[in-house]
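Below is one structure; the comments refer to it alone.
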Amino acid sequence: GDKWIYETGFDVNELIAQANVSASVDTLTGDTSVEVTNITFMMIEGVQSLVYIVDVSGDFQTGSNSQITTPGGDTYTGRVEIEYRGQDIFRVSDLAQWNMTFSLTVRFVPYVFGFPVGILTQTLAEDLEFSTIYNPPREKYDFPLRTGDQWVSTYDSSTNVSGSSAYFDPGEFSTP
């Protein structure tokens, strides 16, 4: 039941460049909601572990100055909207992150003469699903914390991405 709300701003231009999409997107802003929805046992690396299940969600948008270029070469100015829904799994004993999954839907609302035209909204990516597993679970801290502490941890991670888009291949974001 613990819940936090964070004012969020993030720049997605590096992600757009990675997808080889022709776009210039303002920083996305909105609120991120983080809530502990369950505390349960799961098997992690063969060990029964108590874990927190944490839901993360947010709706974000840019201002009206973002630009996209279609595969046909037409450029449009408007607002980018992202719907984010995810779930993280943390080991209770040390808050190490074991799993992270989230989905994104990305829409573009074109502006005509400075006003949004909702009926022309384009879905740029739908139901993009990102799933990342950390092995061993990714630790950020060792407890108890002391002044001057530093941590180095080694882990492997793999991310699988699926979904659909007429503008890029979501699978390009998958990493072994």
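One-based numbering along the sequence shown.
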Review point. Donor-acceptor pair, Ser174 side chain versus Val161 backbone, under 3.5 Å?
Key: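 Yes, Ser174 side chain to Val161 backbone: donor-acceptor pair under 3.5 Å.
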Review point. Is the backbone N or O of Gly9 less than 3.5 Å from a side-chain atom of Thr27, with the two atoms forming a donor-acceptor pair by type?
Key: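 Checking the backbone N and O of Gly9 against the side chain of Thr27, no donor-acceptor pair under 3.5 Å is found.
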Looking at every heavy atom in both [X] and [Y], which two are closest together, and how far apart are they?
X: Lys3; Y: Ser33; value: CE-OG, 3.1 Å
X: Asn65; Y: Asp26; value: CB-OD2, 3.4 Å
X: Ser164; Y: Pro170; value: N-CG, 4.1 Å
X: Gly58; Y: Arg85; value: O-NH1, 3.2 Å

Exercise for review: Take Leu50 and Arg91 through the side-chain contact (heavy atoms from CB on, under 4.5 Å) test and state the conclusion after the steps.
Suggested key: CA-CA 6 Å; Leu50 189 61; Arg91 191 167 48 198; over 6 Å; no
Which residues satisfy the side-chain hydrogen bond (donor to acceptor under 3.5 Å, both in side chains) test with [X], sequence neighbours excluded?
X: Ser103; answer: none
X: Asn160; answer: none
X: Thr29; answer: none

For a 4.5 angstrom cut-off between non-hydrogen side-chain atoms, does [X] reach [Y]?
X: Val54; Y: Phe90; value: yes
X: Arg79; Y: Tyr111; value: yes
X: Val152; Y: Gln150; value: no
X: Tyr52; Y: Val92; value: yes
X: Val56; Y: Tyr84; value: yes

With clusters defined by side-chain heavy atoms of hydrophobic residues (ILVMFWY) lying less than 4.5 Å apart, directly or transitively, does [Y] cluster with [X]?
X: Tyr155; Y: Ile89; value: no
X: Ile82; Y: Val109; value: no
X: Trp98; Y: Met100; value: no

Point to revise | Separation of Ile5 CD1 from Ser57 OG (nearest 0.5 Å) | key: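 These two atoms lie 7.5 Å from each other.
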Practice item. To the nearest 0.5 angstrom, please state how far the CG atom of Asp88 sits from the OG1 atom of Thr101. Key: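 Result: 7.5 Å between the selected atoms.
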Atom pairs and distances, side-chain donor-acceptor, residues 113-138, under 3.5 Å, sequence neighbours left out:
| unit_1 | atom_1 | unit_2 | atom_2 | d |
| --- | --- | --- | --- | --- |
| Thr121 | OG1 | Gly118 | O | 2.7 |
| Thr132 | OG1 | Thr159 | OG1 | 2.8 |
| Arg138 | NH2 | Gln97 | OE1 | 2.4 |

Check your understanding: For the residue pair Tyr76 and Phe108, is the inter-centroid distance of their aromatic rings smaller than 6.0 Å?
Key ->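 So the answer is no for these two rings.
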What donor-acceptor contacts under 3.5 angstrom involve side-chain atoms of residues 35-49, with partners at least two apart or in another chain?
| unit_1 | atom_1 | unit_2 | atom_2 | d |
| --- | --- | --- | --- | --- |
| Thr37 | OG1 | Ile53 | O | 3.3 |
| Ser49 | OG | Val47 | O | 3.2 |

Practice item. For Phe60, enumerate each residue passing the ring-ring contact (aromatic ring centres under 6.0 Å, His included) test, keeping only those at least two apart in sequence or located in another chain. Key: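 Once residues adjacent in sequence are excluded, the partners of Phe60 under the ring-ring contact (aromatic ring centres under 6.0 Å, His included) criterion are Phe10.
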